[in-house]
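Chain identifiers are assigned alphabetically (A, B, ...) following the order of the sequence lines, protein sequences preceding nucleic acid strands; residue numbering begins at 1 within each chain.
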There are 4 protein chains.
Amino acid sequence: MVAEVMRSDDWLLLCRTVRFGDTDAAGVVHFARLLEWCHQAYEESLERFGVAAATVFPTLAAQPDVALPIVHCSADFRRPLVCGDPLAIALEPKRLDPGCFEVSYRFSSGEQEVARALTRHLAIDAATRERCPLSEPINRWLEASSLGSGIQPL
Amino acid sequence: MVAEVMRSDDWLLLCRTVRFGDTDAAGVVHFARLLEWCHQAYEESLERFGVAAATVFPTLAAQPDVALPIVHCSADFRRPLVCGDPLAIALEPKRLDPGCFEVSYRFSSGEQEVARALTRHLAIDAATRERCPLSEPINRWLEASSLGSGIQPL
Amino acid sequence: MVAEVMRSDDWLLLCRTVRFGDTDAAGVVHFARLLEWCHQAYEESLERFGVAAATVFPTLAAQPDVALPIVHCSADFRRPLVCGDPLAIALEPKRLDPGCFEVSYRFSSGEQEVARALTRHLAIDAATRERCPLSEPINRWLEASSLGSGIQPL
Amino acid sequence: MVAEVMRSDDWLLLCRTVRFGDTDAAGVVHFARLLEWCHQAYEESLERFGVAAATVFPTLAAQPDVALPIVHCSADFRRPLVCGDPLAIALEPKRLDPGCFEVSYRFSSGEQEVARALTRHLAIDAATRERCPLSEPINRWLEASSLGSGIQPL
């Protein structure tokens, strides 16, 4: 029980620190940065789970068969964040259908929730850009991620 | 009639071009860039309407009494955009209450709508960070912007 | 004479305005933004000269035969810039050898020089990543750009 | 001997991973990102050494007496970097005079050096913007950093 929760935490609870370049002249984090942090957290989550970046994201050398463009995103900002603030980011990935998933992100600093965000990703064939099923590694990550929450047992 | 529409276009229909640094290794615009374009379009709209940046945004020298942090944003991505694509951005600002407004953004390239987005801004006292009324310049911009749409006559 | 100078200005003297997202919590432009502005100015210069983005920069659909990675850049910051500041950017492109060129950038605001920067670009075969000659459109832009300066007549 | 090297490594040898948002449509890291990584590495180095962000960088709540604007930066790019590449960043801070210091950065991935960069920082009085001496925490960091190199013994 405890072990399962711990294992889940390995790839679904990430940390970062607010850096100076994340702020704007109001002295707080510029809103659009939060969305960049979401994508970086999603990438780090996959990496920690064991999915190599090159199997999901195109590089100079190779393009995966399936692309996962974001078709929707949103964010809610609860409290201002300043340079040096430590952040914990809790991810909740969720498959919506065989070719689509969402990731919810809760950002907290200390004991306080500071922001929430969401990204929705669509699987498309990288060559034709037609909708297609999610790849096997993404499906494994989605299934394992739903285990820890106790909401969607297999 | 026509004149009014034209005048409205001056500050509510903006243009930009997709640049190389806006793209990612998938060959298309990175999703978070759209939110940055929204804020830049909002700033350019105010500037064209005649509201000086320094009356709304803090700088080294001075901080306006009222800050306008974004408390919510969202975006929907309809079509991929590549480097060099010309964009038209139609803004629709709307006051929600005396201390809050939203801006809707429709992005099109050629004849096609490519994305939509929304930012919601809350007026707060820059010193106390308590909610307060919108400043006079922002109110004028909101009122003038609603005239062209024929929905909210004064 | 005057006409030639004017023509040259069309693609070698560009304008932009400092936006809020360009600043950091010190209330001034974040240093790394200047380098992004350089690349955007270089792209806009090519576009104004008549070189389509797709002939130089890769997109989803196509990759030019020759890539032009930046192998060196530098910047000097003379004065702080704040949100709303208007900028003029004077470009001076210069071929160093048949497979390499530099662009110098002088940023001024009002009457004052505020920053200088430089990017050096190397031509490589996009497939093999071996050095190769510059493409014809880039060569035409480099030659036309040197005419106005009176330093390198044809 | 070994212990000293290890201790030095704590704040002068940092790690990060290339993320998708760092790349552009050429499939590799966009050049300007390297400069952002430099500043983030400099911030992380200070933090690991024990200098709180708020003593060096302005926030909503407070502004340190001494600001440290970057007056010069440069970068050399040796090899392309793609999404997922692990990076090691070796910092070499160096005081140039009582009111100025530089940080050199060597980026390597695996066994290969991939880039070098440099930032030069000037101490100024945050209120008057006149040159002034470096603050005590920055001086301690500069002195401790030079110990490991064997070049500038106290």
Side-chain angles (χ1 to χ4, degrees), chain C residues 22-43 53-54 56-82 102-103 105 114-129, chain D residues 22-43 53-54 56-82 103 105 114-130:
Chain C
D22 296 325
T23 63
D24 62 30
V28 298
V29 166
H30 194 62
F31 83 111
R33 283 288 171 148
L34 195 88
L35 280 311
E36 292 185 40
W37 294 346
C38 288
H39 205 282
Q40 290 171 11
Y42 152 63
E43 292 173 66
V56 178
F57 302 104
T59 69
L60 183 64
Q63 177 149 334
D65 295 337
V66 178
L68 294 168
I70 289 174
V71 291
H72 174 75
C73 68
S74 68
D76 289 279
F77 305 88
R78 305 272 159 84
R79 290 174 181 277
L81 287 167
V82 302
E102 273 182 3
V103 186
Y105 310 80
V114 292
R116 287 191 179 226
L118 182 137
T119 55
R120 191 176 303 141
H121 306 244
L122 204 66
I124 62 170
D125 183 303
T128 65
R129 295 193 77 81
Chain D
D22 296 325
T23 62
D24 62 30
V28 299
V29 166
H30 193 62
F31 83 110
R33 283 290 172 147
L34 195 85
L35 280 313
E36 294 186 38
W37 294 347
C38 288
H39 205 283
Q40 290 172 11
Y42 152 63
E43 292 174 66
V56 178
F57 302 104
T59 69
L60 184 62
Q63 178 150 333
D65 296 336
V66 179
L68 294 168
I70 289 174
V71 291
H72 174 75
C73 69
S74 68
D76 289 278
F77 305 87
R78 305 274 158 82
R79 290 172 181 279
L81 288 168
V82 302
V103 186
Y105 309 81
V114 291
R116 286 192 179 225
L118 182 138
T119 55
R120 191 177 303 140
H121 306 244
L122 205 66
I124 61 170
D125 182 304
T128 64
R129 295 193 76 82
E130 303 280 322

Option that, when pairs with chain D are counted at under 4.5 Å, heavy atom only, ranks first among C:P80, C:G27, C:A115, C:A126: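 Between C:P80, C:G27, C:A115, C:A126, the count favours C:P80.
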C:L34 side chain reached by D:C73 side chain, heavy atoms, under 4.5 Å: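 D:C73 does not reach C:L34 side chain to side chain.
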4.5 Å side-chain heavy-atom contact, D:F31 and C:P69: no
Heavy-atom donor-acceptor pair, C:H72 side chain to D:F77 backbone, under 3.5 Å: no
Over 12 non-hydrogen atoms of neighbours within 6.0 angstrom of CG in D:D65: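 Atom CG in D:D65 is not crowded, with 12 or fewer foreign heavy atoms closer than 6.0 Å.
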Residue among [options] with most heavy-atom pairs under 4.5 Å to chain C:
| options | value |
| --- | --- |
| D:A75, D:C38, D:A32 | D:A75 |
| D:R129, D:R33, D:Q63, D:R120 | D:R129 |
| D:H39, D:H30, D:R116, D:R78 | D:H39 |

Shortest non-hydrogen separation from D:P58 to C:A25 and the atoms involved: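 Nearest pair, atom of D:P58 first, then C:A25: O-CB, 3.4 Å.
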